[in-house]
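No experiment lies behind these values; they were computed from the predicted model shown.
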Amino acid sequence: MGQKTNPVGLRIAVNRDWRSKWYAGKKDFGNLLTEDRQIRDLLKKRLESASVPQILIERAANRCRITILTARPGIVIGRKGAEIDKLKEELSRMTSKEIYVDILEVKTPEIEAQLVAENVALQLERRVSFRRAMKKAVQTSKDFGAEGIKIRCSGRLGGAELARVEQYHWGRVPLHTLRADINYGFAEAKTVYGKLGIKCWICKGDTRTDKAQPDKPGRTQAQPQTPPPPHPEPIAV
């Protein structure tokens with residue numbers, strides 16, 4: 001009891017999908033896993049200003065499809081697709097495989113935990129007060145419809161001699177409720193005093209509602225009956 005669990009790993013195959021989708025034997029597994037890590041590190045470095053929370057990788061034979069989720073697709077694509085062509089060439093040279101790149105736009109980056117954590121880290125690197133940065137992140141997520149948010153900063157906050165942990169919490173963030181859609185993000189701020197770690201959890205609501213939940217063994221809670229929809233009125237021609 002009381003042990004911490006990564007919210008993403010806990011919910012995989014329940015209401016979360018894998019970030020990498022491929023199958024390999026024992027000989028190739030380690031090489032492909034390392035390659036995935038290199039692809040993600042390269043893309044995160046190249047697209048640092050493009051607000052990329054997640055990179056999905058799918059493999060089949062000698063082909064690799066990479067899906068980049070971004071809040072700023074224009075930066076990733078570039079003028080007339082120049083930037084995305086450069087990325088494809090670089091990834092092809094690195095992996096020696098046929099590369100396909102897809103771009104998916106993130107509609108609400110304000111409630112994407114990874115982007116919130118990276119935004120707070122960027123502010124801390126610019127010497128903004130950690131309390132101010134965290135409070136602003138909580139308020140922004142609140143305004144954009146999140147059900148709850150928890151954000152935690154740890155390290156030598158404000159240049160203090162001793163490292164400590166500060167946390168802000170608002171709303172509902174149930175980490176043990178598997179049907180809850182918990183978005184998790186982690187980022188590091190490289191300051192003159194050392195690294196600061198930022199963790200963020202955002203609850204977007206429940207992904208599934210059961211029609212009948214068991215109340216006692218052999219019984220189910222009665223659900224209120226909804227009246228049938230009214231007949232549509234005929235349209236005058």
Checklist entry - Closest heavy-atom contact between Met134 and Cys153? => result SD-SG, 3.5 Å
Item to check | Contact summary for Asn183 and Ala113, nearest pair of heavy atoms | outcome: OD1-N, 2.8 Å
Checklist entry - Where the side chain of Lys44 meets the backbone of Val52, is there a donor-acceptor pair that is under 3.5 Å apart? => result yes
Next on the checklist: So for atom CZ, which belongs to Arg164, do other residues, nucleotides or ligands contribute more than 12 heavy atoms lying within a distance under 6.0 Å?
Outcome noted: yes
Item to check | Lys/Arg N to Asp/Glu carboxylate O, Lys107 vs Glu112, below 4.0 Å | outcome: no
Item to check | Residues Arg172, Asp206; criterion salt bridge (Lys or Arg N to Asp or Glu O under 4.0 Å); working and verdict | outcome: CA-CA 11 Å; Arg172 166 180 171 268; Asp206 289 348; 2.9 Å; yes
Checklist entry - Is the backbone N or O of Asp181 less than 3.5 Å from a side-chain atom of Asn15, with the two atoms forming a donor-acceptor pair by type? => result no
Next on the checklist: Using only atom types and a distance under 3.5 Å, with no angle test, would you say the side chain of Arg65 pairs donor to acceptor with the backbone of Leu56?
Outcome noted: no
Checklist entry - Backbone N or O of Arg179 within a donor-acceptor pair of the Thr207 side chain at under 3.5 Å? => result yes
Checklist entry - Any Lys/Arg nitrogen of Glu188 or Lys195 sitting under 4.0 Å from an Asp/Glu carboxylate oxygen of the other? => result yes
Next on the checklist: Taking the basic N atoms (NZ, or NE/NH1/NH2) and the acidic carboxylate oxygens, is any pair closer than 4.0 Å for Glu98 and Arg63?
Outcome noted: no
Checklist entry - Backbone N or O of Ala50 within a donor-acceptor pair of the Thr70 side chain at under 3.5 Å? => result yes
Item to check | Shortest non-hydrogen contact from Ala137 toward Ile149 | outcome: O-CD1, 4.0 Å
Item to check | Gap separating the NE2 atom of His176 from the CG atom of Leu178, nearest 0.5 angstrom | outcome: 9.0 Å
Item to check | Enclosure of Lys150 NZ (heavy-atom neighbours >12, cutoff 6.0 Å) | outcome: yes
Next on the checklist: Whether the side chain of Arg127 engages the backbone of Thr191 through a donor-acceptor N/O pair (distance < 3.5 Å, no angle test) should be reported.
Outcome noted: no
Checklist entry - Is Ile12 close to Asp17 at the side-chain level, that is, under 4.5 Å between some pair of heavy atoms? => result no
Checklist outcome for this item: Looking only at heavy atoms, the pair that brings Pro109 and Leu115 closest together is CB-CD1, 3.5 Å
Next on the checklist: Salt bridge or not between Arg46 and Glu90? Use side-chain N to carboxylate O under 4.0 Å.
Outcome noted: yes
Next on the checklist: Quick one, Glu58 and Trp22 - any side-chain contact, counting heavy atoms below 4.5 Å?
Outcome noted: no
Checklist entry - Given side chains that start at C-beta, do those of Leu124 and Leu122 come closer than 4.5 Å, heavy atoms only? => result no
Checklist outcome for this item: For residues 31-41, the salt bridge (charged side-chain N to carboxylate O under 4.0 Å, His left out) pairs (sequence neighbours left out) are Glu35-Arg59, Glu35-Lys97, Asp36-Arg59, Arg37-Asp41
Next on the checklist: Restricting to non-hydrogen atoms, name the atom on Cys200 and the atom on Val116 that form the minimum distance, rounded to 0.1 Å.
Outcome noted: SG-CG1, 3.9 Å
Checklist outcome for this item: Closest heavy-atom pair, Ile202 versus Ala146, reported as atoms and distance to 0.1 Å, is CG2-CB, 3.9 Å
Item to check | For Ile84, side chain to side chain contact (heavy atoms under 4.5 Å, CB included) partners two or more places apart | outcome: Val101, Ile103
Checklist entry - Heavy atoms, side chains only, cut-off 4.5 Å: are Tyr100 and Lys88 in contact? => result no
Item to check | Distance (rounded to the nearest 0.5 Å) between Thr95 OG1 and Ile39 CD1 | outcome: 5.5 Å
Checklist entry - Between Phe186 and Trp201, is the gap from one ring center to the other below 6.0 Å? => result no
Checklist entry - Backbone N or O of Ser49 within a donor-acceptor pair of the Arg72 side chain at under 3.5 Å? => result yes
Next on the checklist: Tell me whether Glu125 contacts the main-chain N or O of Lys190 through its side chain, where contact means a donor paired with an acceptor under 3.5 Å.
Outcome noted: yes
Checklist entry - So how far is it from Leu91 CG to Ser96 OG, rounded to the nearest 0.5 Å? => result 11.5 Å
